[in-house]
Amino acid sequence: MSMISDKVLTTCPRDCYDACGILVERRDGKITRVIGDPNHFVSKGSLCGKCAVAYNGGFINASARLLHPLKRTGPKGAGKWEQIGWDEAIATIAAKLKPQIAGGRANKVLHAHYTGTVALLAGNFPLRFFNAIGATEIDPDTVCNKAGHAALQLIFGDSLSGFDPRTAADTKCILVWGANPSSSAPHVDRHWLKTNKATRIVIDPIRHKTAHEADLFLQPRPGSDASLAFAMLHVIRKLNLLDRSFIESHAVGWPSIEAQLDACTPEWGEAETGVPADLIRQAAEIYGKGPSLLWLGQGLQRQPFGGNVFRACVLLPVATGNMMKPGTGLLYMNGFGFRGVDMGWMTGGEIAPGGSPAISHMDLHEALADPERSSVFFTWNCNPAASSPNQNKLVDALKREDLFHVAIDIFPTDTVDYADIVLPAASFLEFDDVVMSYFDWTVSAQTKASEPLGSSRSNMTIFRQIAEACELNEEALFEQDGDMIEKLLRQSGIGMGFSELSQRGTVFWSQDIGTPFIDGKFPTNSGRIELAGPAFVNAGLPEAPQPHADAVPASDFWRVLSPASSWLMNSSYGSEQRIRRQIGPQTGFVNPDAAKAAGLTEGETVVLFNVTGELPMRVGFDPGVPPATILLHKGRWPKYEMARANVNVLNPGQKTDLAESSSVHGIEVRIRRAMSEAAE
Ligand SMILES: Nc1nc2c(c(=O)[nH]1)N[C@H]1C(S)=C(S)[C@@H](COP(=O)(O)OP(=O)(O)OC[C@H]3O[C@@H](n4cnc5c(=O)[nH]c(N)nc54)[C@H](O)[C@@H]3O)O[C@H]1N2
Ligand SMILES: Nc1nc2c(c(=O)[nH]1)N[C@H]1C(S)=C(S)[C@@H](COP(=O)(O)OP(=O)(O)OC[C@H]3O[C@@H](n4cnc5c(=O)[nH]c(N)nc54)[C@H](O)[C@@H]3O)O[C@H]1N2
Ligand code: SF4
Ligand SMILES: [Mo]
């Protein structure tokens, strides 16, 4: 019997800076192996460890996947299901939706979604449906990076036009501030950052691998970065490294910042942040001389004053003129808009005149607990039962019998467990789509390599069917994938259609290296960079950024940082056996000296607690963690933990100073001996 072996090029659509090129090997149309594309400039033949496991494991293994629609038969959360057909599932959903839609705008239909896939269609097409019915969106960025976006939006009028990484050939300094590429962008770390001849500076409370390998590492206390930025500016001014002509031509509000600088000496900075004054001087001088690149991490702004932190950090490139020329600039995330994609069209914004209502993830548990505010709940591309704050209250709300919950996922997550109807989603290996990296200025094909497992369907197919069953008739709700893909490739101007792109895998959006804001035009009210002014006051912030540092935790209190784990992708892959073995029991890493001073021993189990919840954890030692801090990675599946909870059980959902966003790296807890309660 002859066997046909072939290969398909595709792209990883996880929420990851890397957007790796992938090679799928098949035999007789069946996937045999998923590896990194050897010819791809990012992946260079290797996937990260977690994706190598997951894409060769659960993603292609029917027993790990949701295969058919399910209807709940037991109490919510019990995981008791009856398999049903798609027709019945869609009809049941439509029957619940129709009365809501008939009543006008269906704003008691809530939906949460995020970046389970960042592919353009699977990540955005369903929004057309929710916009069409006027559903309430759980504002996706509020669980991740909204404070940073909102700050950059106020300052530059645009948060999505970061430097083109290819400009690094012309830089002398790369400052990575509050990001951990060794976990969250492993190929960028290895092939872009580490190989660059520029001086690499890392600023992070944790000495992670990227920090360890940097030329200069500054270790501020969490939430003290605005003070650090001001102390660096003090040095920059003293060394005459301010670019006054850049500031005068392009920025407004500088005087109210300069007026604060006298007091912000490096010694003051050391007292505020814990970073030695000399290191502040060194970092300021290297960065100030430039040309320098600034990478602002998403972890950096997940702090109670995250908006202020971003405003302060951004002063560096503006005050030193490290913008608008080769080898300079800053990057938070690179968006799709400048690559030509009409996001209004993609998301159906125009179908929702006046916009659809939105609420913050910080308020999700309250909105779901209240029958006046919510009667139907959709979750797609996200797993709030693992990843949103106030886990206990959220789970209680998800148990509400009169809340009709539809969960759409590839895997049986915690969120899925609380649903009334579960719809199995096809994985990225099973349909065509387009991916645009949020780091590199590229456009990539996600090419179908296999039929969907079981009867799973893509998000696009699912929402076309729901729209039809709800008897909606806007054309945009029924647009076919192939048409949308060709249209958005035309919009991008790359000069090729999907069949050519899928042969090539990834192409650069432009051959020339881009320089954001090169024309000196900023889409702000003043047309210039706004460092201070009334727009900030309107957004609830002080007129100018402040040299603020959060108070050090009171004695007995610890700050919990729960950033990305190398072995999990948010909560994705939390069910993979091999990954669960790899990460072991829930472990919080503490500084060995601080631990000993607190009487903690390595390997013992303690309980973290605060007013929001409590969580058992094993004590691990890591000298890279500063005192009064616990490093407890995000993304474990609550249902596999003895306490049926992960770190978000401790997360009170405090909103950042700007944009009602997550300040998850600002959690404080106390520690109690695991046995003490029982002994009392
Ligand atoms: N403590 C703590 N909590 C955090 C954070 C933190 O730093 N600390 N970080 C926050 C951040 S940054 C984020 S982005 C959130 C994200 O947190 P999660 O919502 O957990 O995000 P993901 O794991 O990326 O994806 C969620 C789900 O999308 C599913 N999915 C993937 N592809 C598809 C598809 O094509 N269709 C459908 N229907 N589903 C699909 C996956 O199987 C997965 O279950 O977590 C936040 N939570
Ligand atoms: N392996 C893996 N990769 C991922 C993800 C994942 O879960 N796993 N998640 C993806 C997603 S959704 C996102 S949003 C990105 C996030 O990726 P990053 O932007 O790297 O963000 P985080 O992992 O939350 O945190 C990065 C760093 O911020 C630091 N930090 C916390 N508080 C402060 C502070 O006050 N000051 C400073 N200077 N630093 C601080 C943390 O110590 C951590 O080292 O990663 C993406 N990539
Ligand atoms: S998650 Fe990131 S590092 Fe891993 S394969 Fe996907 S793009 Fe590459
Ligand atoms: Mo995120």
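In each ligand, atom 1 is the first atom listed, and ligand 1 is the first ligand listed.
- Looking only at atom types and distance, the side chain of N646 has no donor-acceptor partner in the side chain of E641 under 3.5 Å away.
- Protein N, O or S atom count below 2.8 Å of atom 8 (Fe) of ligand 3: the structure gives 1.
- Using a cut-off of 4.0 Å between Lys/Arg side-chain N and Asp/Glu carboxylate O, D420 and K76 are scored as salt-bridged.
- Between the side chain of T587 and the backbone N or O of P585, at least one donor-acceptor pair lies under 3.5 Å.
- Judged by distance alone, the side chains of N180 and S182 do bring a donor and an acceptor atom under 3.5 Å apart.
- Here the two rings, on W295 and Y17, have centers that are under 6.0 Å apart.
- Y55 and Y573 are linked by a side-chain donor-acceptor pair at a separation below 3.5 angstrom, with hydrogens and angles left out of the test.
- R464 has no carboxylate O lying under 4.0 Å from a charged side-chain N of E468, or vice versa, which leaves the two without a salt bridge.
- Here the rule is side-chain contact (heavy atoms from CB on, under 4.5 Å) with S562, and of H633, R302, H665 only H665 fits it.
- H361 and T142 are not linked by any side-chain donor-acceptor pair at a separation below 3.5 angstrom, with hydrogens and angles left out of the test.
- Residues with a heavy atom under 4.0 Å from ligand 1: R14, Y114, T115, G116, T117, V143, C144, R302, N381, C382, N383, S387, I408, D409, I410, F411, T413, A425, A426, N459, S562, M569, N570, S571, S572, K634, V647, N648, V664, H665.
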